[in-house]
Q: 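Sending over a structure as structure tokens; questions will come in a sec.
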Number of protein chains: 2
Amino acid sequence: MTGKYRRSKQREVILRLLQSTESHPTASWIYDKLKSEFPHLSLGTVYRNLNILSEQGLIKKIDCGSTFDRFEANNHPHYHFICEQCNSVFDLKTPIMNNLEDQLSGLHNFTIHSHMIEFFGVCEACKKQ
Amino acid sequence: MTGKYRRSKQREVILRLLQSTESHPTASWIYDKLKSEFPHLSLGTVYRNLNILSEQGLIKKIDCGSTFDRFEANNHPHYHFICEQCNSVFDLKTPIMNNLEDQLSGLHNFTIHSHMIEFFGVCEACKKQ
DNA sequence: GTTCATGCAAATCGTTTGCACAATG
DNA sequence: CATTGTGCAAACGATTTGCATGAAC
């Protein structure tokens with residue numbers, strides 16, 4: 001695909017799975033989902049491929065305060081909302097605020113490459129309980 | 001201090017150490033720093049106390065994309081800048097934007113409690129190399 | 001004197017890695 | 001056929017935990 005790597009059935013399926021979901025899966029969720037299709041799949045392979053896909057820029061690792069990583073294939077820049085009760089992660093539609101970075105550049109002597117915003121609270125489903 | 005917990009020399013010293021630094025220490029950095037004063041200190045004790053202090057709201061656990069947690073005793077709400085080269089964490093002076101949360105409430109059906117912003121780039125010291 | 005905190009070591013959990021074999025180009 | 005990806009199991013690093021002893025109240 002991007003050269004350097006050979007194609008592998010497993011990597012393709014992992015990517016397709018990530019592209020087909022709005023949830024922000026963990027490695028072991030992916031592993032469980034693919035167990036039926038690849039009975040001999042190993043978690044190591046899932047992690048290896050998630051890292052390769054990340055490196056290729058096809059997916060992103062999102063680090064949401066938990067002990068484990070989550071992954072997404074949504075390439076549009078966006079912010080996240082994390083439900084404090086069910087720990088679900090949602091993509092937000094709020095526009096990206098690039099002006100934040102310019103604003104900061106004036107205040108400090110940093111070179112800023114990117115920024116990340118995460119909102120925390122209770123999601124709609126959890127509120128209804 | 002807040003009741004429920006007894007006072008312990010170790011916990012007090014860990015808190016004072018965190019309050020006296022602008023760096024955002026890891027558990028093992030704290031452990032190393034206190035080794036001379038408490039030759040028998042154990043990492044388990046450091047972790048236990050960091051969790052208690054966190055629960056008491058005296059310090060905050062900050063999860064900066066690394067594999068390990070960092071801690072800070074800075075109680076003023078603030079955002080972070082993380083240097084991609086040396087991994088240092090800096091507290092920012094930019095004002096907190098509470099309007100972001102109101103703005104979002106209009107767009108989604110979430111109840112928002114808080115938000116976090118992290119900026120990534122290169123710090124002043126690393127630029128000079 | 002009862003209860004909580006400590007030190008120590010073992011356990012846990014998510015992730016990575018070494019190796020022999022299978023799949024890719 | 002040369003090389004990369006796989007499955008498996010062992011290794012890893014950060015954090016947590018069980019237990020017997022020591023400190024706090």
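The chains referred to below are lettered A, B, ... by the order of the sequence lines, with proteins before strands, and numbering in each begins at 1.
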Q: Is it true that atom NZ of B/Lys33 has more than 12 heavy atoms of other residues, nucleotides or ligands lying nearer than 6.0 Å?
A: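 It does not: B/Lys33 NZ has 12 such atoms or fewer within range.
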
Q: Among side-chain atoms of A/His24 and A/Glu72, is any donor-acceptor pair under 3.5 angstrom?
A: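 A pair is found: one side chain offers a donor N or O, the other an acceptor, under 3.5 Å apart.
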
Q: Mapping B/Gly44 and B/Thr67 onto DNA chain D by nearest heavy atom, which one lands closer to the 5' end?
A: B/Thr67

Q: Using atom CZ of B/Arg48 as one end and atom P of D/dG18 as the other, report the distance to the nearest whole Å.
A: 11 Å

Q: Rounding to a whole Å, what distance do you find between B/Tyr31:OH and C/dG7:C1'?
A: 10 Å

Q: Among the nucleotides D/dT4, D/dC25, D/dT16, which one has an atom lying closest to any side-chain atom of B/Arg6?
A: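 My answer, after comparing the listed nucleotides, is D/dC25.
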
Q: Tell me: CG of A/Leu50 to C1' of C/dT17, nearest whole Å?
A: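 After rounding, the reported distance stands at 16 Å.
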
Q: Determine whether the side chains of A/Gln56 and A/Tyr5 contain a donor N or O and an acceptor N or O closer than 3.5 Å.
A: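 Result is no, nothing qualifies.
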
Q: Less than 4.0 angstrom between a side-chain N/O of B/His40 and OP1 or OP2 of C/dC8, yes or no?
A: yes

Q: Using the side-chain heavy atoms of B/Asp69, tell me which of these nucleotides is nearest: D/dT15, D/dT3, C/dT6.
A: D/dT15

Q: Starting from the 5' end of DNA chain D, give me the residue, B/Thr26 or B/Lys9, whose nearest nucleotide shows up first.
A: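 Whichever sits nearer the 5' end wins; that is B/Thr26.
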
Q: Take the protein atom CG of B/Asn51 and the nucleotide atom P of D/dT17, then report the distance between them rounded to whole Å.
A: 9 Å

Q: What is the distance, rounded to the nearest whole Å, between atom CG of A/Asp32 and atom P of C/dG14?
A: 12 Å

Q: So which nucleotide from C/dC8, C/dA5, C/dT16 ends up closest to the side chain of B/Ser8?
A: C/dA5

Q: For the pair made of CD in B/Glu12 and P in C/dA5, what is the distance, rounded to whole Å?
A: 13 Å

Q: What do you reckon, are the aromatic ring centroids of B/Phe119 and A/His115 less than 6.0 Å apart?
A: yes

Q: Looking only at the side chain of A/Arg7 (C-beta and beyond, no hydrogens), which of the listed nucleotides C/dT16, C/dG25, C/dT15 gets closest?
A: C/dG25

Q: With respect to the side chain of B/Gln10, which nucleotide from D/dA14, C/dT6, D/dC8 is positioned closest?
A: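 For the B/Gln10 side chain, the nearest candidate turns out to be C/dT6.
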
Q: Rounded to whole Å, please give me the gap between CZ in B/Phe38 and C1' in D/dA23.
A: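 Going from B/Phe38 (CZ) to D/dA23 (C1'), I get 12 Å.
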
Q: Atom CD1 of B/Ile30 to atom C1' of D/dT15: distance rounded to whole Å?
A: 14 Å

Q: B/Ser42 or A/Tyr47: which one's nearest nucleotide on DNA chain C is closer to the 5' end?
A: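 The residue closer to the strand's 5' end, by nearest nucleotide, is B/Ser42.
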
Q: Tell me if the aromatic rings of B/Phe120 and B/Phe81 count as close, with their centers under 6.0 Å from one another.
A: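 Aromatic pair excluded; centres sit 6.0 Å or further apart.
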
